Amino acid sequence: MHPLEGPTFQIAFLIYLISLVLYGVHMSTGSRLTERLALAALASGLAVQTLSLTARGVAAGRAPFSNLYESLAIFAWGTAVCLLVVQLNRRTPAAGVVVLPILLSALGYASTLDARIEPLMPALRSPWMVYHVAAAILAYGAFAVAGGLGLLYILRHSLETKPTPPSWMERLPALDFLDRLIYSTIAFAFPFMVLVLITGAIWAQKAWGTYWQWDPKETWALITTLFYSGYLHARQFTRWRGLPSAWMAVIGFLVVLFTYLGVNLLLGGLHSYATS
Amino acid sequence: MSVLGGARFAVLLMFVWAVLASVGTVLPQGRPPEEYHHLLGRWAHLVVFLGLDDLYTSPGFLGVLAFLCLNLAISSVRRVRRLRREDRGLKVAMSGEDLEGIARTLKLPEGLREASSRVEAALRRLGLSVRRAEADGAVSYYAERGRWRLWGSTWAHLGLLLVFVGALAGNWHGWSYGGYLKLLEGTTQQVTRGRPGTSTGLSLKLHRFVVLGDETGRPLDFSSDLELLDSEGNTLRRQTIRVNSPLEYGATTFYQAGYGLAGFRIQRTDAQGHVRIWRVETDAQGHVEPWSAVLPPQGSSSAFGVQDLIPQARLEGDLVYPVSTLPLAPAVAVFENPDFHRGSQEFHPLGWLVPGRELKASDGSVLSFAGMSVYAGIQYRHDPGYPLVVAGFLLATLGLGMAFYIAHRRIRVVLTESPEGTLCLVAGVPGPPGRDPGDLPSRLLKRLGQDGEPTGEDRHAPA
């Protein structure tokens, strides 16, 4: 392990945690300063975690994508990137409050796992692994953000129906804004999810001579893709908006979580190396 | 047709297909019926009846896929037709009244001809493709960029169709074939198709096979130096293949699939010092059929038989553990029959023979390992659908990129003569409902605005 990796991993975790607290303070006080500090902390956490991942990549001599520890760390990184992009483009501080806990849970879980750098098994020694995992990082990260935004929509929707909504509700984004943001986040992620399937199929063809084996992981990746494809088609052609769309984003992220972690832990298969 | 190619039908099919696919990940697939009876009791009949025991090749599952393909094909054709119809029917010429109240207005000081040249140049500088029409003394422009976006979903759908067609071609009986060769260094085998194997005119020679492991013995890399030959022995290709790096020749691909023990030699040294080598071959699965290998006695000495083989093993005391680490070190369960020459069929266990260990028999002879041969497992597959699948993947990727990452922006401009010069009406055209028409009107006005002020509302023009 590179000497920089461990400390930077912990520092990044701490900075993300500070960012979460600051976003929480902003939500309760409405302070513009705390929102800016939270955004700065998020960007700093991302920079430090990038350093941590780079250090690991240098020490391993390859992209740090091979086991569950590395996968969780890179998933958290991808989620942070997507969250930062959303914050910079659409200024949605409330998203920080719901997405950062997902990111911190991933890093927290990673910290309980064996972080030793292991050499890659022959099947994983392929440039296709980099494309495959990179596409998955962006897709899963954006789906995590979309799921968080879906939660915000449901929260705001339920608060609006109350006779006396709390004052902090006004700091949640408007429903229409959230609805469009959920859609554009999923629309951004979807092509990457399809790329996960395509690169995985090409890789499998190169390694094993078959594109598809109905392995549980690839089957669930297909199910995830079909789910979001259904969402996009329903939205495009049936004008499906609002609460059902938000619920789809939340359920979609649960499907992603099952594909990402549940399959490895419960069903095994060709991707079972990613449980170690 | 409209139902079969409709988006609602597509969503329904995707939902059903996803649910069925998920069942296959929970329910064990391709097991014997008894196992389902043990697992599910009386529900096992229903599972087998519905084909859920072999779900991914069941008629129901493939039927949904067929409908999905049909849906993709119909919706693509309809969309292409619609886009072409819209393109042909696009009305470029508009009058000032058409945009009145929905456009931003700008007064340009120059005459109509000069003003139209300036507007057209400004539109082109914004990276737009421009269509121009003149009618009733007005000059109209319809300008757009990112029109590729409209074709994105069609390309993606056609790409998926191509993938399915390629996969079908690659699995069509008679078009595709495959097999597995176990090659020893220096040997050549024919590449055959079907059963019994008919020659494809190709043969494969293994020059060298190398397995590399790390310090713990975990395999890191294994590679085969292969030569592909035609029916006359001419070299077609020579390449070192490894996992993820196959040898490709036309539609036939040769993969490094594995390696294993092809056979081993046991040396028997009798009490007088006479040496005899006993060769044992493994079967297609890399095992030794119990008692298929028997070393008959010479005179009144013992006979020996092999009952079991562990291709990679570690010996601890008298216990043998199978391992997956290198180096390849087999363990062979050797049995002895001292009364074979008297007609006895009773073999007694003598022990596990591993490299570096000797077994002493009751007749005074000593058994030891005298070497082994390792085969390179080469899987081959002739897949005529491969180019279609790759083309489909490319088309789908491009289509998705176009559909989701290209912004389609449109703008209409109408110029009419006015007493002070030229009146310029500018309006953005929205995309699908809820999609932002973009800031093209503002940017155009900014480019032209040095000669006038926008005075109208920025609303949307008809497409």
Side-chain angles (χ1 to χ4, degrees), chain A residues 118-129 176 179-180 183-184 187-192 194-195 197-199 201-203 205-212 214-217 219-220 222-227 229-241 255 258 263 266-267 269, chain B residues 6-8 10-15 17-19 21-22 24-26 29 55-56 153 156 159-160 163 166-167 170 178 214 216 218-223 242-246 253-257 379-381 383 386 389-390 392-394 396-397 399-401 403-405 432-436:
Chain A
E118 299 281 356
L120 287 181
M121 55 191 278
L124 296 182
R125 292 163 173 255
S126 165
W128 287 102
M129 185 182 84
D176 190 45
D179 186 56
R180 275 185 282 122
Y183 167 74
S184 35
F188 164 79
F190 181 72
F192 286 103
V194 177
L195 266 186
L197 293 185
I198 289 177
T199 52
I202 295 175
W203 182 12
Q205 210 275 341
K206 292 266 180 209
W208 299 303
T210 175
Y211 316 103
W212 199 264
W214 293 109
D215 165 67
K217 186 82 165 181
T219 306
W220 274 94
L222 174 69
I223 291 167
T224 307
T225 310
L226 288 171
F227 183 90
S229 175
Y231 166 89
L232 291 170
H233 279 82
R235 188 171 174 102
Q236 182 85 6
F237 296 104
T238 66
R239 314 274 178 267
W240 209 16
R241 304 275 189 280
V255 176
F258 186 75
V263 173
L266 301 174
L267 300 178
Chain B
R8 284 185 178 83
V11 172
L12 176 72
L13 287 172
M14 284 190 282
F15 177 75
W17 211 47
V19 170
S22 70
T25 62
V26 181
Q29 295 292 294
L55 184 83
Y56 301 120
S153 63
L160 286 179
V163 170
D214 64 7
T216 66
R218 190 160 58 166
L220 285 182
D221 187 28
F222 42 107
S223 60
R242 41 176 50 89
V243 180
N244 284 312
S245 177
T253 312
F254 298 87
Y255 304 92
Q256 178 70 72
Q379 187 189 327
Y380 63 92
R381 186 167 154 72
D383 181 358
Y386 180 58
V389 172
V390 173
F393 281 156
L394 275 174
T397 307
L400 286 169
F404 288 101
Y405 302 135
R435 206 166 281 164
D436 183 9

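Here is the naming used below: chain letters follow the sequence lines, and residue numbers restart at 1 for every chain. In this text, all values refer to a predicted model and were calculated from it rather than measured experimentally.
- Atoms CG and NE2, on A:Leu226 and A:His233 in that order, are 10.5 Å from each other to the nearest 0.5 Å.
- Side-chain contact between A:Trp214 and A:Leu222 is present, with at least one heavy-atom pair separated by less than 4.5 Å.
- No donor-acceptor distance shorter than 3.5 angstrom exists from the side chain of A:Arg235 to the backbone of A:Arg241, with no hydrogens or angles considered.
- The greatest number of non-hydrogen atom pairs below 4.5 Å with chain A, out of B:Asn244, B:Thr397, B:Leu400, is found for B:Asn244.
- For B:Ala21, the parts lying near chain A are the backbone and the side chain together; criterion is any non-hydrogen pair under 4.5 Å.
- Closest approach of B:Ala403 to B:Ser153, counting heavy atoms only: CB-N, 3.8 Å.
- With chain B as partner, the option from A:Ser126, A:Ala207, A:Ala187, A:Gly209 having the largest number of non-hydrogen pairs under 4.5 angstrom is A:Gly209.
- Contacts of B:Val389 with chain A are made by side-chain atoms alone, with heavy-atom separations under 4.5 Å and no backbone atom involved.
- Heavy atoms of B:Tyr255 lying under 4.5 Å from chain A belong exclusively to its side chain.
- For chain B, the nearby parts of A:Ile198 are the backbone and the side chain; heavy atoms of each come within less than 4.5 Å.
- Counting heavy-atom pairs under 4.5 Å between each of B:Phe393, B:Phe404, B:Tyr56 and chain A puts B:Tyr56 at the top.
- Note: B:Met14 leads B:Arg381, B:Gln256, B:Met14 in heavy-atom pairs under 4.5 Å with chain A.
- For the side chain to side chain contact (heavy atoms under 4.5 Å, CB included) test, residues two or more places apart in sequence or in another chain that qualify with B:Tyr405 are A:Phe188, A:Pro191, A:Phe192.
- The aromatic rings of A:Phe258 and A:Trp220 lie perpendicular to each other, with more than 60° between the two planes, well past the 30° mark.
- Neither the backbone nor the side chain of A:Leu197 has a heavy atom closer than 4.5 Å to any heavy atom of chain B.
- Side-chain N or O atoms of A:Trp203 include one that pairs as donor or acceptor with a backbone N or O of A:Ala123 at under 3.5 Å.
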